[in-house]
Amino acid sequence: MLPLSRKSQISRIAFWGLLFLVVALSLSAGVSLAMGLIIGIFFYNPYPAPSKKVTKYLLQISIVGLGFGMNINQVMQAGKDGFTFTLITIGFALGLGFLLGRLLKVQHIIAYLISCGTAICGGSAIGAISQVLKADEKEISVSIGIIFMLNAVALFIFPPIGHWAGLTEQQFGIWSAIAIHDTSSVVGAASKYGNNALMIATTIKLARALWIVPLVVLTSFLFKIKGNVYSLPWFIVFFVIASIVATKFAIPVYIKDGIVHLAKTGFSITLFLIGCGISVDAIKKVGVRPLVMGVVLWVVILTATLFIVKKY
């Protein structure tokens, strides 16, 4: 076994070396995640606390950057057109998650957090809901750990499934926005499918993420939590502002394209850092029953929505 100082030095070299490749070669989100997994599984993340903070804010900044590649009219139309479908899928995910949690005897707060993460937008939803429930560190880490692992899987399997099913870019954008948990993985999978799929997926996912606010209110009611508790994803507000600016003002195309390119690079770095945090110990900590619940819930959602998107 390597001495701790030696292992730490090697981990730092590997971390910065692979991160340099991610940025310098403009690697895709999927490859960037794989690079991060090499660090997390075979070495260890030498900068866990800074990585967590950078991941949070870089993801939000990158989302705002993508707004410059969107048309605000399309963003608003996506939210309007998908209102009923979004409401049905969120309700279905929460209801099925409740039943699976009871059936598998998963601790009720963990089961609820996993259901919320699956229903809306992964880690962001879990983060907001966990503050309302005052969930402890174990409940949060287990829930987010499951979501992150499934996100990693989704990034690799969704594009091949989409091609196998013969989905158009529009269909894939809709499907990935509904069936993949986190925005980062939605963007990563859709970007591999095509630019049109990327724009559609990002627009629908961010419109869907606005449902965090009513879900927080519902959670307060269900768990009988007193007081005014709410969580507004402010980065989505700035995404809308960026879309308005890009639509209403004559910004040179090369500037908008440059911002969008930087945003995509930011997503690649985000996925790399997320991969760095997925260690063997983290996987073991998740446990079997919550993991089974998360997998079954996700498979049912992705299968049902794939059928619906393909048929209609």
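Residue I88 is not grouped with residue W211 when hydrophobic side chains (ILVMFWY) are merged at heavy-atom distances under 4.5 angstrom, including chains of intermediate members. Transitive grouping of hydrophobic side chains (ILVMFWY, heavy atoms separated by less than 4.5 Å) brings L104 and V288 into a common cluster. There is no path of hydrophobic side-chain contacts, each under 4.5 Å, that joins L113 to L103. Linking ILVMFWY side-chain heavy atoms closer than 4.5 Å, directly or via other members, places V64 and F249 in a single hydrophobic cluster. By the rule that hydrophobic residues join a cluster once side-chain heavy atoms approach within less than 4.5 Å of another member, V300 and I157 end up as members of one cluster.
When every heavy atom of I180 is checked against every heavy atom of A189, the shortest pair comes out as CD1-CB, 3.8 Å. In terms of heavy-atom proximity, K310 sits nearest to Q171 at O-NE2, 4.0 Å. Pairing each heavy atom of S176 with each of G173, the nearest pair is OG-O, 3.2 Å. Taking both residues in full, the closest heavy atoms of V186 and A177 are given as CG1-CA, 4.1 Å, listed atom of the first, atom of the second, then distance. The two residues I251 and A246 come nearest to each other via the heavy atoms CD1-CA, 4.3 Å. The two atoms that bring P290 and I114 nearest to each other are O-CD1, 3.8 Å, heavy atoms only.
Between the CG atom in L215 and the CG atom in L94 there is a gap of 6.0 Å [rounded to 0.5 Å]. Atoms CG and CG, on L302 and L297 in that order, are 10.0 Å from each other to the nearest 0.5 Å. Note that the NZ atom of K205 and the OG atom of S185 stand 9.5 Å from one another [nearest 0.5 Å]. Rounded to the nearest 0.5 Å, atoms CE (M293) and CD1 (I110) are 10.0 Å apart. Rounded to the nearest 0.5 Å, atoms SG (C276) and CD1 (I39) are 5.5 Å apart. Between I269 atom CD1 and L58 atom CG the span is 5.5 Å, to the nearest 0.5 Å.
If you run ring pair (Phe, Tyr, Trp, His ring centres under 6.0 Å) between W175 and each of Y193, F158, F307, only F158 comes through. In summary, of the residues considered (F15, Y44, F43), a side chain to side chain contact (heavy atoms under 4.5 Å, CB included) with I10 occurs for F43 alone.
Taking Ile, Leu, Val, Met, Phe, Trp and Tyr as members and joining any whose side-chain heavy atoms lie under 4.5 Å apart, directly or through other members, the hydrophobic cluster of F98 also contains L99.
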Contacts under 3.5 angstrom, residues 147-156 side chains, donor-acceptor by atom type, not counting sequence neighbours:
residue	atom	partner	partner atom	Å
N151	OD1	D182	N	3.2
N151	ND2	I147	O	3.2
N151	ND2	D182	OD2	3.0

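Between the S191 side chain and the G188 main chain, a donor and an acceptor come within less than 3.5 Å of each other.
For residues 106-116, the pairs satisfying side chain to side chain donor-acceptor pair (under 3.5 Å) are Q107-E139, Y112-T219, with sequence neighbours left out.
Not counting sequence neighbours, the partners of R12 by the side chain to side chain donor-acceptor pair (under 3.5 Å) test are S8. Judged as a side chain to side chain donor-acceptor pair (under 3.5 Å), and not counting sequence neighbours, S11 has no contacts. For H261, the ring pair (Phe, Tyr, Trp, His ring centres under 6.0 Å) test picks out no residue, with sequence neighbours left out. Remark: L262 engages no residue in a side-chain contact (heavy atoms from CB on, under 4.5 Å) (not counting sequence neighbours). A search for side-chain contact (heavy atoms from CB on, under 4.5 Å) contacts involving N196 returns E169, I200, not counting sequence neighbours. Not counting sequence neighbours, T55 has no partner by the side chain to side chain donor-acceptor pair (under 3.5 Å) test. Every residue meeting the side chain to side chain donor-acceptor pair (under 3.5 Å) condition with Y47, not counting sequence neighbours, appears here in chain and number order: W16. Here I259 pairs with F68, I255 under the side-chain contact (heavy atoms from CB on, under 4.5 Å) rule; sequence neighbours left out. Shown here are the side-chain contact (heavy atoms from CB on, under 4.5 Å) partners of L25, two or more places apart in sequence or in another chain: L21, L27.
You'll find the side chain of L167 reaches within 4.5 Å of the side chain of L306, heavy atoms only.
Ring-plane geometry between H181 and W298 is classed as tilted, the angle between the planes lying from 30 to 60 degrees on a 0 to 90 degree scale.
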Original post:
Between T86 and I204, is a side chain to side chain contact (heavy atoms under 4.5 Å, CB included) present by the stated rule, with each step listed?
Top reply: CA-CA 9 Å; T86 297; I204 294 176; 5.8 Å; no
**OP:** Using the side chain to side chain contact (heavy atoms under 4.5 Å, CB included) rule, take F92 and I301 through it: C-alpha gap first, then chi angles, then the decisive distance, then the call.
**Re:** CA-CA 9 Å; F92 177 72; I301 295 296; 3.5 Å; yes
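Taking the six-membered ring for Trp, F172 and H163 have ring centres at least 6.0 Å apart.
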